[in-house]
Every structure is written in structure tokens, then in C-alpha cells.
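Below you'll find the structure, written out as C-alpha cells, and then a few comments.
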There are 2 protein chains.
Amino acid sequence: MDIEKLADMLKALADPTRLKMVAMLHHRDCCVCEFVPVFKISQPAVSKHLSRLKTAGFVKESRKGQWVFYSLRRETLEQVGLGLMQLPDMSEELNKLEQQGLLVNVCCE
Amino acid sequence: MDIEKLADMLKALADPTRLKMVAMLHHRDCCVCEFVPVFKISQPAVSKHLSRLKTAGFVKESRKGQWVFYSLRRETLEQVGLGLMQLPDMSEELNKLEQQGLLVNVCCE
DNA sequence: TTATCATATAACTATATGGTTATGCAAAAG
DNA sequence: CTTTTGCATAACCATATAGTTATATGATAA
């Protein structure tokens, strides 16, 4: 995965409120008005957090009558886990450093 | 793992520069002055990123003469991966909602 | 000792982030 | 049709974040 994309997905998760939202959605789909009393923040704040999670691909929404329910896209969470285990190869950057003589060589280590 | 702690660790990773630093350290220990030409940011900026990674437990430092080399703490990365797979149980929060009659029940779904 | 190099920290700045209130719209209820 | 409920968006504000330059410190070189 592109490292900029991975960083953006991590940023979407890197907030206690959004992490707890994901944990709740692990149990059960939830609608916006159910999150409000749990986190004790305003409804627009909840909507913005869910929008952030949606943009990053962690949740999808579906309207049920007057409610909008959010559900977890578990495969996206797995992608992030995999992405962390398989970080992109940076050896080219290190090779460039070596060609420019910018690698530090410590004697007697 | 505590969800606040996990969020904080994710925040430390959720930056393209720091993610690339971790990827580089996956190959080889690096000192501060090696990162500077790779990321084209100032030396203090590099130091601050490394300090953030260190506080979160992702790297450790060791002085080698005049240089300070940073190395990866791979077990911390694994902890984060595990933490994402085993998010804390939020069923208690859902039970509270149910007791308060705040769970939405959609008919005919 | 003095000068230089590598690094860390302090002070500052611009932008990102997470919250708020106000408001508009869609769906359900009266 | 009118009112109410649930949600999203806009505008705004305070704090966090990521960069900068200036400077202090520790280790090496002269």
C-alpha cells in the first residue's frame, strides 16, 4: 500500500473516540444517535468522526428509515494491520545516501 | 492495551515522514544526520519526529561517538498490530444504552 | 584550548484537528 | 400540510501539530 495512504488511514484511527467507535461497530452496527450519549459530544461531532472513518474506508453507511446506520468494513482494518507488517522497501533511499557518501560508518562498533 | 494508549501510538505512526523513518529503520539503524537529506527537512524537525517515535516506544537510541543512532523496537510495532485486531470490548457501553432505552430498534429490517 | 560536527531544545508560525452552535434537508409522525 | 426527529454541513474557535530559525551541549578534530 502507498505510504501516504497508510499514514492517512492510521490518522483516521489515531483518535480515542474513533477507535472506540470502531470497537463498538465490531459488536453491532450503530446509528449516529446511539454514539452521541456514549461519547458525550454533540451530534455534529459524531457525524464528523464517522465521516472521517468513512472517507478512510473503515465504515460504510446505510439509511434505515430516518436513521443512518454505520457498519464496519473489517477488510480495511486488516489492510492496515498488513500494511504495518509490510512497510514499503526504503533500500533505494539508503542506496542514494550511500552513493552520495552520506551514510555514516562507525568504526569499531 | 488501553485504547488511549493505542490511539497515541497510532498517532505517532500516522505521519508519512515517521512511517518512512520506521520503514528505513526496518532495513538498518540510522542516525539523525542520515535522515535529513532523505526527507529534506531541517535537523531539528528530524529530531522531533524521532523523539515522538521514541516516546511512543517505536525506537530506541544509542550514542556511537558523536552520532546518535536510532533502532527499531519491532515488538512495539507488533503490539500495535495486535491491538488493532483485539480492540477492547465495548459491549458494556451498548448494554448501558439498552438500559437507558437509547438503542434504536429498526422494524422490518 | 579552540573549533567543528551532530544532536536536542526553545521559541515561534502556519496549518490541521476536534470541538461547538446554527441551519438545512429527508423521513416519520400528527 | 405541519411538526418533529435524525443527520450532515457550514462557520467558527481553541488546541495540537509539523515546520522553521536560533542556540546550547557533548564529542571529536585541530
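First the proteins, then the strands, lettered A, B, ... as listed; each starts at 1.
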task = Do nucleotides 5-14 of chain D as a string where each nucleotide becomes B, S or -: B if the base has a protein heavy atom under 4.0 Å, S if just the sugar-phosphate does, - if no protein is that close.
result = BSBBB-----
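Taking atom CD1 on Ile41(B) and atom C1' on dA18(D), their separation rounds to 8 Å, with Å as the unit. For the pair Leu53(B) CG and dA8(C) P, the interatomic distance rounds to 12 Å; values are reported in whole Å. Between the CD atom of Glu4(B) and the P atom of dG18(C) there is a distance of 13 Å, given to the nearest Å.
With contacts defined as side-chain heavy-atom distances shorter than 4.5 Å, the pair Glu93(B)/Lys20(A) does not qualify. Looking at heavy atoms from C-beta onward, Met21(A) lies out of side-chain contact with Met90(B) at the 4.5 angstrom threshold. At least one side-chain heavy atom of Leu72(B) sits under 4.5 Å from a side-chain heavy atom of Val22(B).
Phosphate proximity of dG19(C) to Ser42(A): absent, as no side-chain N or O sits under 4.0 Å from OP1 or OP2.
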Steps toward side chain to side chain donor-acceptor pair (under 3.5 Å) verdict (Asp89(A), His26(B)) = CA-CA 9 Å; Asp89(A) 188 9; His26(B) 195 75; over 6 Å; no
request  = Any chance you could lay out the side chain to side chain contact (heavy atoms under 4.5 Å, CB included) test for Phe69(A) and Val104(B), step after step, and finish with the verdict?
outcome  = CA-CA 10 Å; Phe69(A) 275 78; Val104(B) 174; 4.1 Å; yes
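The cluster map of Ile, Leu, Val, Met, Phe, Trp and Tyr, joined by side-chain heavy atoms under 4.5 Å apart, puts Trp67(B) and Val32(B) in different clusters.
Side-chain atoms of Arg73(B) come within 3.5 Å of backbone N or O of Gly57(B) as a donor-acceptor pair.
With salt bridges taken as basic N to acidic carboxylate O contacts below 4.0 Å, one links Glu34(A) and Arg28(A).
A heavy atom closer than 4.0 Å to some atom of DNA chain D occurs in no member of residues 6-23 of chain A.
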